[in-house]
Number of protein chains: 2
Amino acid sequence: MSDPTGFAPHDHHACVSTALAAAEAACAERGARLTPLRRRALEILLESHKALGAYDLLERLAAEGLGDKPPVAYRALNFLTEQGFAHRIERLNAYVACSHPDAAEGHGAAFLICRDCGRVAEALADKAPLGADAQDAGFTVEDAVVEARGLCPQCQSGAGA
Amino acid sequence: MSDPTGFAPHDHHACVSTALAAAEAACAERGARLTPLRRRALEILLESHKALGAYDLLERLAAEGLGDKPPVAYRALNFLTEQGFAHRIERLNAYVACSHPDAAEGHGAAFLICRDCGRVAEALADKAPLGADAQDAGFTVEDAVVEARGLCPQCQSGAGA
DNA sequence: TAGCACTCTGTTATAACGTAACGGCCACGC
DNA sequence: GCGTGGCCGTTACGTTATAACAGAGTGCTA
Ligand SMILES: [Zn+2]
Ligand SMILES: [Zn+2]
Ligand SMILES: [Zn+2]
Ligand SMILES: [Zn+2]
């Protein structure tokens, strides 16, 4: 159930197609609109398994004539995160495409962030972390952020990139 | 081992004294200097179990003539977080005093953040969250952030503050 | 005593991240 | 045609954070 894709070599082209197809299907089903701008933003996030800052995304969009003002990027990112096609990484103030487009809508996620190469792997959070502690405290968890920083396999083996 | 202090009524004055004493002891042991500015910053964070933004802290410090430029607040906060006397809450861009001053230096922590009253409870992270997922991926976790948003017991019972 | 190294603080300026608010455009349904 | 609603373009601003340098204090040493 975990499968934290992102570090291991894989067919990334398939990653991208699957995610885009899932996004289109989800939008069709929900009546949401994956406009060209939003779709392009998702494609840019999908290019790598790295997190991209809003202004980095904006720069990419601007280079293609798709808007060069901050709200353009933030609106696209808000749409993508609301729909579950992307996630915000709090520790980085950055955004990453969802690696589990087939998972439940609004799935809980946990992220492994390589401090060297910047790649981010997303593990599905099987169980609520903190469950026991929260229950002890009588606290109702509505949503949780789990972000671990460290070194991915490649960056541990000396391959710095 | 959990004891997520912060929501339940408790002797908060003791909270504060314990934390200050622990900070002084730790500084003495490590050769770090708990200067008046740093000490006052910690005291301010300790006043409540809420997270305080750097600029909120700065405002408080400025009101007491202790500095009114951003680096003053950020330097104090960096010191406090490096020494483990305070933690940064990534989701809030804010800082909270450590509720477990006696725990191991650099202890892993998990936070329960009430979206209504803003109070933050700190649970000691017993086990590395993500342990299994990280191991599957061959990822070495160096430090992890766990932050849950929700409702504390008081705010669930209708007492909105 | 003077000189030096070190740490902490004060200050300027700017970078990075994020949002409110308004106006135009277009597609859709009446 | 005409209103409605969603999306996009733009201006302007707010919030969070850091780089870089200058000054003050302390303790050491020669
Ligand atoms: Zn991929
Ligand atoms: Zn890496
Ligand atoms: Zn307390
Ligand atoms: Zn509350």
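Every chain is numbered from 1, with letters handed out A, B, ... down the list of sequences. Since we're looking at a predicted model, the values are computed, not measured.
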Taking the side chain of [X] as heavy atoms from C-beta outward, which of [options] is closest to it?
X	options	result
B:Asn93	C:dT9, D:dT16, C:dT19	D:dT16
A:Tyr55	C:dC17, D:dC8, C:dT9	C:dC17
B:Arg33	D:dG6, C:dC17, C:dC8	C:dC8

Below 4.0 angstrom, N of the basic side chain to O of the carboxylate: do B:Glu47 and B:Arg40 qualify? yes

Measure the CD-SG distance between A:Gln156 and A:Cys114 for me, rounded to the nearest 0.5 Å. 8.5 Å

Can you measure from CG (A:Leu80) to SG (A:Cys98) and round to the nearest 0.5 angstrom? 11.0 Å

Starting at [atom1] of [X] and ending at [atom2] of [N], how long is that distance when rounded to a whole Å?
X	N	atom1	atom2	result
A:Leu58	C:dT19	CG	C1'	14 Å
A:Asp56	C:dG18	CG	P	11 Å
B:Tyr74	C:dC17	OH	P	13 Å
A:Glu82	D:dG6	CD	P	13 Å
B:Glu90	C:dC17	CD	P	13 Å
B:Leu57	D:dA17	CG	C1'	14 Å
B:Leu77	C:dC8	CG	C1'	16 Å
A:Leu80	D:dC7	CG	C1'	14 Å

[N] phosphate, OP1 or OP2: any side-chain N/O from [X] under 4.0 angstrom?
X	N	result
A:Arg38	D:dC8	yes
B:Tyr95	D:dA17	yes
A:Arg88	C:dC17	no

Could you go through the salt bridge (charged side-chain N to carboxylate O under 4.0 Å, His left out) check for B:Arg115 and A:Asp143 one step at a time? CA-CA 11 Å; B:Arg115 67 169 160 78; A:Asp143 74 302; over 6 Å; no

Between the first and last five pairs of the helix from C:dT1-D:dA30 to C:dC30-D:dG1, the angle of the axes, rounded to 10 degrees: 10°

Locate the shortest heavy-atom distance separating A:Leu37 from A:Leu66; write the atom from each residue and the value. CD1-O, 3.5 Å

Between B:Gln83 and B:Arg30, does any side-chain donor sit less than 3.5 Å from a side-chain acceptor? yes

With side chain to side chain contact (heavy atoms under 4.5 Å, CB included) as the criterion, how do A:Ile89 and A:Glu147 come out once you've worked through the C-alpha distance, each side chain's angles and the decisive distance to 0.1 Å? CA-CA 8 Å; A:Ile89 307 295; A:Glu147 295 173 1; 3.9 Å; yes

Hey, can you tell me if A:His49 and A:His12 have their rings parallel, tilted or perpendicular (30° and 60° cut-offs)? perpendicular

Using the rule given for side chain to side chain donor-acceptor pair (under 3.5 Å), can you reason through A:His100 versus A:His87, listing the C-alpha separation, both sets of side-chain angles and the distance that settles it, and then say yes or no? CA-CA 11 Å; A:His100 297 281; A:His87 303 289; over 6 Å; no

Considering only nitrogen or oxygen atoms on both sides, find all protein atoms under 3.5 Å from nucleotides 10-12 of chain D and state each distance.
{"residue": "D:dT10", "atom": "OP2", "partner": "A:Lys69", "partner atom": "NZ", "Å": "3.4"}

Using heavy atoms to find the nearest nucleotide of DNA chain C for A:Asn78 and B:Ala32 separately, return the residue whose nucleotide is more 5′. B:Ala32

Those residues at least two apart in sequence (or on a different chain) that pass side chain to side chain donor-acceptor pair (under 3.5 Å) with A:Arg88 are A:Glu90, A:Asn93, A:Tyr95

